[in-house]
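What follows is a single structure, written as C-alpha cells, with notes after it.
Start at 1 with the first residue, then count along the sequence.
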Amino acid sequence: VQLQASGGGLVQAGASLRLSCAASGHTFSNYALAWFRQAPGKEREFVAAITWEGYSTFYADSAEGRFTISRDSAKNTVHLQMNSLKPEDTAVYYCAATPLSNGDYNPSHRARYEYWGQGTLVTVSS
C-alpha cells in the first residue's frame, strides 16, 4: 500500500486548503483512511477518518465543523477540505490507512493504522 499526500501550503488565517491522499497498491473496499497531523514539538494527533465502503466519517473536536473528509472511489483518493484555518492548524499532515478486518476500529488510535504517507506541510499565518 502506498499513500501519497499533497495539497499543503502557506495560507493566512481564515483561508481554506484541500489536502489529497492518493492511495495505491491495494483494493481499499474494507479499509479506513485517516488524516493525522503533527505540529513541531508535539505528538501526532488524529484529525479525521473515513471508512471506504460504509462512508462513515469521524472527526477530532478541533476539526469538527471546519474540516470535511471525503473519498473519490474512482481515483482512489481521500480529500481533507479544511476551512477557516487557524494558526494552531499549522502542522505536517499525514494520511494513514488500515484494513478494518484486523479487529475493533478506533479511528483516533494512531497505532491502529498500518500504512502511512510521507506528509504534507500546512502553515497558517496569523
Side-chain angles (χ1 to χ4, degrees):
V1 173
Q2 291 83 43
L3 303 172
Q4 181 72 38
S6 62
L10 171 63
V11 297
Q12 290 189 329
S16 298
L17 273 178
R18 189 175 83 152
L19 305 183
S20 298
C21 176
S24 61
H26 202 278
T27 301
F28 295 96
S29 59
N30 196 33
Y31 269 64
L33 283 88
W35 288 96
F36 284 74
R37 66 187 184 186
Q38 188 166 16
K42 295 188 177 181
E43 291 194 355
R44 194 170 298 188
E45 65 177 9
F46 171 73
V47 177
I50 187 168
T51 59
W52 197 267
E53 198 163 74
Y55 205 49
S56 297
T57 56
F58 310 88
Y59 294 95
D61 289 344
S62 59
E64 190 77 57
R66 297 189 301 129
F67 295 0
T68 302
I69 190 169
S70 61
R71 59 141 172 76
D72 182 337
S73 299
K75 297 182 178 180
N76 260 14
T77 299
V78 172
H79 299 291
L80 183 68
Q81 177 67 42
M82 304 187 296
N83 298 328
S84 303
L85 283 162
K86 305 174 182 180
E88 51 263 44
D89 294 318
T90 295
V92 177
Y93 284 70
Y94 297 89
C95 59
T98 190
L100 294 175
S101 58
N102 290 356
D104 291 341
Y105 174 59
N106 181 338
S108 64
H109 193 193
R110 193 173 60 199
R112 180 65 171 79
Y113 293 87
E114 294 190 13
Y115 307 101
W116 291 84
Q118 86 290 357
T120 185
L121 176 62
V122 172
T123 304
V124 185
S125 63
S126 57

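Through direct or indirect side-chain contacts shorter than 4.5 Å among Ile, Leu, Val, Met, Phe, Trp and Tyr, Trp116 is connected to Phe36, Phe46, Phe58, Val92, Tyr94, Leu100, Tyr105, Tyr113, Leu121.
Partners of Tyr115 according to the ring pair (Phe, Tyr, Trp, His ring centres under 6.0 Å) rule, which considers only residues two or more places apart in sequence or in another chain, do not exist here. Residues satisfying the side chain to side chain donor-acceptor pair (under 3.5 Å) test with Asp89, not counting sequence neighbours, are Arg37, Arg66. By the side-chain contact (heavy atoms from CB on, under 4.5 Å) test, Ala5 pairs with Trp35, Cys95, Gln118, Thr120, sequence neighbours left out. Residues passing the side chain to side chain donor-acceptor pair (under 3.5 Å) test with Glu114 are Asn102, sequence neighbours excluded. Legend: residues meeting side chain to side chain donor-acceptor pair (under 3.5 Å) with Ser84, ordered by chain and number and at least two apart, are absent. Every residue two or more places apart in sequence or in another chain that forms a side chain to side chain donor-acceptor pair (under 3.5 Å) with Ser108 is listed here: Asn106. Evaluation of the side-chain contact (heavy atoms from CB on, under 4.5 Å) rule for Ala39 yields Lys42, Ala91 as partners, not counting sequence neighbours.
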Using a 3.5 Å cut-off and no angle test, enumerate the donor-acceptor pairs between side-chain atoms of residues 23-30 and protein atoms at least two apart in sequence or in another chain.
{"unit_1": "Ser24", "atom_1": "OG", "unit_2": "Gln2", "atom_2": "OE1", "d": "3.4"}

Side-chain donor-acceptor distances from residues 7-21 under 3.5 Å, at least two apart:
{"unit_1": "Ser16", "atom_1": "OG", "unit_2": "Asn83", "atom_2": "OD1", "d": "2.9"}
{"unit_1": "Ser20", "atom_1": "OG", "unit_2": "His79", "atom_2": "ND1", "d": "2.9"}

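In this structure, His109 NE2 and Asp104 CG are separated by 11.5 Å, a value rounded to the nearest 0.5 Å. A distance of 10.5 Å separates CG in Leu85 from OG in Ser125, rounded to the nearest 0.5 Å.
One N or O on the side chain of Arg110 and one on the backbone of Arg44 form a donor-acceptor pair closer than 3.5 Å. Side chain of Thr51 to main chain of Ser56: a donor-acceptor pair is present (N/O by atom type, distance under 3.5 Å, no hydrogens or angles). Side chain of Thr90 to main chain of Val124: a donor-acceptor pair is present (N/O by atom type, distance under 3.5 Å, no hydrogens or angles).
Residue pairs meeting the salt bridge (charged side-chain N to carboxylate O under 4.0 Å, His left out) criterion with at least one partner in residues 68-85, sequence neighbours excluded, are absent. Residue pairs that meet the disulfide (SG to SG under 2.5 Å) test with at least one member in residues 61-94, sequence neighbours left out, do not exist here.
Here the closest heavy-atom approach between residue Leu80 and residue Ala48 is recorded as CD1-CB, 4.1 Å.
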Is there a side-chain contact (heavy atoms from CB on, under 4.5 Å) between Ser62 and Phe67 once you walk through the steps? CA-CA 9 Å; Ser62 59; Phe67 295 0; over 6 Å; no
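For the side chain to side chain contact (heavy atoms under 4.5 Å, CB included) criterion with Tyr59, the lone passing option out of Ile69, Ile50, Val47 is Ile69.
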